[in-house]
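Letters A, B, ... mirror the listed sequences (proteins, then strands); counts begin at 1. Every heavy atom of this structure was used, including side-chain atoms; hydrogens, water molecules and symmetry mates were not.
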Amino acid sequence: MSAIQASRGTRDILPGEVGYWQRVESIAREILGRAAYQEIRTPIFEQTDLFERGVGEATDVVSKEMYTFQDRGDRSLTLRPENTAGVVRAFVEHHLHAQGGVQRLWYLGAMFRYERPQAGRQRQFHQLGVEVLGSSDPRADAEVVVIAAELLQAIGLKDLRLEFNSIGDQRDRQHYREALITYLMPYKADLDSDSQDRLTRNPLRILDSKDQKTQAILQEAPSLLDYLSPESQQRFERVQQLLIDSGISYNINSRLVRGLDYYTHTVFEIQSDDLGAQATVCAGGRYDGLVTDLGGPETPAVGWAIGLERLILLLQQLQPPIAPTLDFYIVSRGDRAEAQALKLAQLFRNTGFSVELDLSGSAFGKQFKRADRSGAVACLILGDAEAEDETVQLKWLASGEQQAIAQADLPKMTDELRQQIDRWRC
RNA sequence: GCGAGCGUAGCCAAGUGGUUAAGGCAGCGGAUUGUGGUUCCGCCAUUCGGGGGUUCAAGUCCCCUCGUUCGCCCCA
């Protein structure tokens, strides 16, 4: 009989690895909290329409990567492939705009895309993201980029680069689109087949083709940056100046275009060379039209998302796993001693120590072997003799020193024990 | 969705058609029935991801399938 396995493209995060996740999550909470961002949790599935309208029907994410299903009420629902659309839906639905000012939100959760799994790409994956709604100020763009950079740095990632671009507004892009098509048409036969296909459907995406020949042709192509209106140009320069003032270095990459339809003006990616075919750890940009597209009042917005599996892939290359620490390991034998040991474990846990109780009932020798392997600093020993006179043997595992302590004295020794544990640990 | 590689125990693996599937780590038991980290001994795959085929004979060759890895597409 074959055992059931996790579904293709999904993964268990086992205890040996979960320390990385907990660290990333707690650093994120702290940094985002200090920047006055508030957490928002939205449903893991939404009406299919939301993503078709929000992300864009022509995008690959929507046209071929969604987990869409009919529920028993015959509604078409979709597991969220990204979370900006969901957050904006919640923002509009609950009239968060009516609270005035700027809404700074963050989220963390599972996303789903039906794709071929690879390193750094899964069908269920996790994103940490921020969305700033209600400000068109270039400082908002700069703020989210700065926060992303600080967060990644605080987590400990190295050798990242920020690729930065502006894709202007709708009108700028329309003009550029025409110019690009005019330029590329004569070379059509020499483009790779995907790019030929995109020439009419989504020409901007040809810009980040990986095909050598296509890239060679693009060398002389008009640049998007030359088609920005004076206003768009000015705002692009302002955001750059703010980044420089904040000490953030970046690359202008006029070929950077994003795959989701809602972006306007600022777009950026934070990339690494240590992720194989996938380079992007964090990506985002401004999306001034999305809130109105989803039925809300005109609300400029900017945000990003970090792929947590990718981030942790990088982190694992840099840092050893984080093992939990253990203060006491309790060894016991005999009915009365075992009962007392259980109570002692409770007492120690309640005074803030971490405690593992040996449940094997095997010989003391075996229990000590396990105590040793548990990484505990000290061992508490209870046998028939200790049960009889209500004492406990305290043994420091590093030195082997051992002393008898009356069980009744333990509560008042908490501070002293804490100090000794800390001393042994150094 | 397309192209390529891989799949032997919990983990790392040897094995390249010929009788019983190396070895290491981990685990469990014992030497040591109240004291660990060393050492020694023993146990731990009727079976090679699954199914079918070729052959006197298949972990080894072929086909299908599942999983996984890499690349393309795309994306976090």
Side-chain angles (χ1 to χ4, degrees), chain A residues 1-11 14 16 55 58-66 80-84 108-129 148 152 192-195 197-198 202 205-206 208-211 257-260 268-272 275-284 303-314 329 331-334 337 358 360-376 378-387 393-402:
Chain A
M1 203 174 53
S2 58
I4 294 173
Q5 300 180 314
S7 299
R8 176 157 215 201
T10 68
R11 237 168 52 83
L14 298 173
V55 179
T59 62
D60 280 42
V61 167
V62 169
S63 63
K64 53 183 212 198
E65 294 173 4
M66 293 209 299
R80 59 187 186 191
E82 57 97 59
N83 206 29
T84 298
L108 179 132
M111 308 294 154
F112 304 84
R113 290 181 200 172
Y114 191 89
E115 294 187 276
R116 191 96 181 231
Q118 278 176 228
R121 175 187 302 162
Q122 294 167 211
R123 289 182 174 181
Q124 176 179 338
F125 61 103
H126 297 79
Q127 286 186 338
L128 167 71
L152 295 170
D192 62 281
S193 59
D194 286 313
S195 294
D197 208 42
R198 282 183 293 214
N202 197 350
R205 295 219 51 89
I206 295 174
D208 56 16
S209 166
K210 285 180 192 167
D211 186 82
V257 287
R258 314 278 359 279
L260 311 182
F268 64 92
E269 293 189 6
I270 298 176
Q271 303 178 346
S272 164
L275 283 169
Q278 276 67 239
T280 306
V281 199
C282 173
W304 49 251
I306 288 175
L308 290 178
E309 277 79 3
R310 289 184 187 177
L311 188 162
I312 283 164
L313 225 46
L314 293 172
Y329 191 94
V331 157
S332 62
R333 204 152 155 69
D358 192 299
S360 68
S362 51
F364 274 114
K366 298 290 171 200
Q367 295 197 46
F368 277 103
K369 201 167 273 201
R370 276 189 283 271
D372 196 52
R373 254 171 284 172
S374 74
C379 207
L380 296 173
I381 306 148
L382 281 122
D384 294 332
E386 289 77 18
Q393 293 287 331
L394 171 67
K395 177 173 185 171
W396 300 102
L397 285 164
S399 67
E401 279 174 72
Q402 189 171 320

Quickly work out the [X] [atom1] to [N] [atom2] distance and round it to whole Å.
X	N	atom1	atom2	result
D211(A)	rC2(B)	CG	C1'	16 Å
Y114(A)	rC75(B)	OH	C1'	17 Å
K64(A)	rG1(B)	NZ	P	11 Å
R11(A)	rU69(B)	CZ	P	9 Å
D192(A)	rC72(B)	CG	C1'	10 Å
R258(A)	rC75(B)	CZ	C1'	8 Å
E309(A)	rA76(B)	CD	C1'	9 Å
E65(A)	rG1(B)	CD	P	12 Å

**Request:** Do nucleotides 27-40 of chain B as a string where each nucleotide becomes B, S or -: B if the base has a protein heavy atom under 4.0 Å, S if just the sugar-phosphate does, - if no protein is that close.
**Result:** SS-B--SBBBB---
Is there a Watson-Crick or G-U wobble partner for [N] with both distances under 3.5 Å, and which nucleotide is it?
N	answer
rA76(B)	none
rU46(B)	none
rA31(B)	rU39(B)
rG3(B)	rC70(B)

Has the side chain of [X] got a donor or acceptor atom that lies under 3.5 Å from a matching backbone atom of [Y]?
X	Y	value
S63(A)	T59(A)	yes
R123(A)	T10(A)	no
E115(A)	R121(A)	no
Q127(A)	G129(A)	no
R370(A)	D358(A)	no

**Item:** Given RNA chain B, 5'-ward residue of the pair S7(A) and A305(A), judged by closest heavy atom
**Value:**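 With S7(A) and A305(A) compared, the 5'-side residue is S7(A).
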**Nearest-nucleotide comparison on RNA chain B, the residue closer to the 5′ end among H126(A) and R8(A)** =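 First, find each residue's nearest nucleotide; the 5'-ward one identifies R8(A).
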**Request:** Please determine, for the side chain of A283(A), which listed nucleotide (rA76(B), rU69(B), rG71(B)) has the closest atom?
**Result:** rA76(B)
Would you indicate what [X] reaches in the nucleic acid, counting non-hydrogen atoms under 4.0 angstrom: base, sugar-phosphate, or nothing?
X	answer
E115(A)	base
C379(A)	nothing
G9(A)	sugar-phosphate
R205(A)	sugar-phosphate
Q122(A)	base

Rounded [atom1] spacing from [N] to [M] in Å:
N	M	atom1	value
rA58(B)	rC63(B)	C1'	15 Å
rG49(B)	rA57(B)	C1'	23 Å
rU69(B)	rC62(B)	P	24 Å
rU60(B)	rU47(B)	P	15 Å
rA45(B)	rG59(B)	C1'	12 Å
rA76(B)	rG67(B)	C1'	24 Å
rC44(B)	rG29(B)	P	15 Å
rG30(B)	rU68(B)	P	40 Å

**Sidechain N-carboxylate O distance under 4.0 Å for E269(A), R258(A)** =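 The answer is yes: the pair qualifies as a salt bridge.
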**Prompt:** Any donor-acceptor pair under 3.5 Å between the side chain of R121(A) and the base of rC70(B)?
**Reply:**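 Such a pair does not exist between side chain and base.
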**Item:** From CZ (F112(A)) to CD (Q124(A)), nearest 0.5 Å
**Value:**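 Interatomic distance, F112(A) CZ to Q124(A) CD, rounded to 0.5 Å: 4.0 Å.
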**Asked** Quick check: are there more than 12 heavy atoms from other residues, nucleotides or ligands sitting under 6.0 Å from CZ of F364(A)?
**Response**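 Yes, the 6.0 Å shell around CZ holds more than 12 heavy atoms from other groups.
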**Request:** Determine, stepwise, if the pair M111(A) / H126(A) fulfils side-chain contact (heavy atoms from CB on, under 4.5 Å).
**Result:** CA-CA 6 Å; M111(A) 308 294 154; H126(A) 297 79; over 6 Å; no
**Request:** Determine: side-chain N/O of Q278(A) to OP1/OP2 of rA76(B), distance under 4.0 Å, yes or no.
**Result:**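 It does not, given that no N or O in the side chain of Q278(A) lies less than 4.0 Å from OP1 or OP2 of rA76(B).
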